[in-house]
2 protein chains.
Amino acid sequence: MPKASAKTSERRAAVIKALGHPSRLLIAETLMKGEMCVCDLKDLVGADMSTVSKHLTLMREAGVLNCEKRGLNIYYSLACDCLGDFLRCVDKLACGGKKTTCC
Amino acid sequence: MPKASAKTSERRAAVIKALGHPSRLLIAETLMKGEMCVCDLKDLVGADMSTVSKHLTLMREAGVLNCEKRGLNIYYSLACDCLGDFLRCVDKLACGGKKTTCC
DNA sequence: CATCTATTTGGCTTTTTAACCAAATAATGG
DNA sequence: CCATTATTTGGTTAAAAAGCCAAATAGATG
């Protein structure tokens, strides 16, 4: 585990932030099953195409997604197969329940 | 892996968002070594105490942190020991490098 | 070449998040 | 009970993120 310099902390936070939005998380979860093109992801998310495109760009720039153009479509896919482990941890935490106060 | 309903997606995203800020991530990384009180975390982060307090509240409400009051201090700790796996995945992605375009 | 389809970009508005300061609360010790 | 220390809350302001629309770009196809 690398030590947390300010720089790596920023970079890590960018990756995490890229997944910390409901639509983007849904996209990532869905891409675990395989690549998809933007228009299919648009249907999945149910937002404006331009909005989805911006989410995808952000995720790609964070290093979370790869993309490849084939014909008219651009296919996005996960850059890493570790997302399962990532989500397992998230789910453990998410189920912990919201504590409104500590004492 | 539970299916991603809108509700669970929201909840998961909240957990992830709680870690997707440089200061909060630094706090979480530091707490892997053990609990700390707010004033120590304030020194670590180097922000106003009230700012740090709000970060901690947000993380606690997301389910990421627990806290316990002892004497005058409140000690925060990680709610789950899975953060290592989480960060391993994040680091893999963070090292992937920023691709500015796909083609 | 003109056109069609898929996607990205730019611009703008609204919402959310972050930060600080000052004031409130809570437990402790004199 | 008063003062002190640790922390949270409320309020305000500034900065960042998200969404939509319209326009631009890039291949594919007739």
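Residue numbering restarts at 1 for every chain, and letters A, B, ... go by the order of the sequence lines.
- In this structure, A/Arg60 fails the cation-pi test against A/Tyr76, since its NZ or CZ atom is not both closer than 6.0 Å to the six-membered ring centre and inside 45 degrees of the ring normal.
- For the OP1/OP2 pair of C/dT8 and a distance below 4.0 Å, the side-chain nitrogens and oxygens of A/Tyr76 include at least one atom meeting the criterion.
- C/dT7 atom C1' lies 15 Å from atom CZ of A/Arg70, rounded to whole Å.
- Rounded to an integer number of Å, the gap from B/Met59 CE to D/dT7 P is 16 Å.
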- request: Verify side-chain contact (heavy atoms from CB on, under 4.5 Å) between A/Leu44 and A/Val52, making sure each step is shown before the conclusion.
  value: CA-CA 10 Å; A/Leu44 174 77; A/Val52 174; over 6 Å; no
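- Atom OH in B/Tyr75 sits about 13 Å away from atom C1' in D/dT7, given to the nearest Å.
- Between atom NE2 of residue A/His21 and atom OG of residue B/Ser9 there is a gap of 10.5 Å, rounded to the nearest 0.5 Å.
- A/Leu56 has its CG atom 12 Å from the P atom of C/dT9, to the nearest Å.
- DNA chain D lies under 4.0 Å from at least one heavy atom of each of the following residues of residues 34-45 of chain B: B/Cys37, B/Val38, B/Cys39.
- The nearest whole Å value for the distance from the CD1 atom in A/Ile27 to the P atom in D/dA18 is 12 Å.
- A salt bridge links B/Asp85 with B/Arg88: the closest approach of a Lys/Arg side-chain nitrogen to an acidic carboxylate oxygen falls below 4.0 angstrom.
- Rounded to an integer number of Å, the gap from CE of B/Met49 to C1' of C/dA22 is 14 Å.
- Cysteines B/Cys89 and A/Cys80 are not disulfide-linked, with SG atoms at least 2.5 angstrom from each other.
- A donor-acceptor pair under 3.5 Å links the side-chain atoms of B/Asp48 to the main chain of B/Ser50, judged by distance alone.
- Taking the side chain of A/Lys69 as heavy atoms from C-beta on, and the options C/dT8, C/dT28, D/dA26, the nearest nucleotide is D/dA26.
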- prompt: Run the side-chain contact (heavy atoms from CB on, under 4.5 Å) check on B/Lys42 and B/Thr51 step by step: do they pass?
  reply: CA-CA 9 Å; B/Lys42 162 187 139 42; B/Thr51 299; over 6 Å; no
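- Closest to the B/Leu72 side chain, of the nucleotides C/dA26, D/dT8, D/dT9, is C/dA26.
- Side-chain atoms of B/Arg24 come within 3.5 Å of backbone N or O of B/Lys17 as a donor-acceptor pair.
- The CG atom of B/Asn73 sits 13 Å away from the P atom of D/dT5 (whole-angstrom rounding).
- Although no hydrogens or angles enter the test, the distance criterion places no donor-acceptor pair under 3.5 Å between the side chain of B/Ser53 and the main chain of B/Met49.
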Every protein N/O lying under 3.5 Å from an N/O of nucleotides 12-19 of chain C:
from   : atom 1 : to      : atom 2 : distance (Å)
C/dA18 : OP1    : B/Arg24 : NH1    : 3.4
C/dA18 : OP1    : B/Arg24 : NH2    : 3.3
C/dA18 : OP2    : B/Arg24 : NH1    : 3.2
C/dA19 : OP2    : B/His55 : NE2    : 2.7

